[in-house]
Amino acid sequence: MLLYLHFLHQVKDLCGLKVFSVSNSHPEPKDRIFTLYKSLGKKSPLSDGALEELFSVSDDLSEILAERLKYVGEDILTFYGSIYLPSYISKKKVDRVDF
């Protein structure tokens, strides 16, 4: 959940999202993740490398979204269409044609 909040924090300006923190006293999501990770110590299910990889993926997705917005427009959250998970279909289908 905190990683998702971190991603939203990264892209909020790109997507026109309002600040979503319930309080200005809460630390940034990334800081909260590191605090939790350090608190768990050896009980954490993640290694240092796995945690850094998650942040790297979030950074990559933020960059992809920023690049896409250059071509799609500012209102990416209200686009019309569907997204299908590839593991559930055997061939790529065209929305509103194959369905």
Would you call L54 and S58 a side-chain contact if the rule is heavy atoms closer than 4.5 Å? no
So L65 and L61, do their side chains get closer than 4.5 Å, heavy atoms only? no
Using 0.5 Å steps for rounding, measure from the [atom1] atom of [X] to the [atom2] atom of [Y].
X: L51; Y: S56; atom1: CG; atom2: OG; result: 11.5 Å
X: M1; Y: I33; atom1: CE; atom2: CD1; result: 11.0 Å
X: F7; Y: D59; atom1: CZ; atom2: CG; result: 10.0 Å
X: L5; Y: K12; atom1: CG; atom2: NZ; result: 12.5 Å

Can you tell me if T35 uses its side chain to pair, donor with acceptor, with the backbone of D31 under 3.5 Å? yes
All heavy atoms of L2 vs all of P29, minimum pair found to be O-CB, 3.7 Å
Determine the sole option in H9, H6, Q10 for which the side chain to side chain contact (heavy atoms under 4.5 Å, CB included) test with K30 is passed. H6
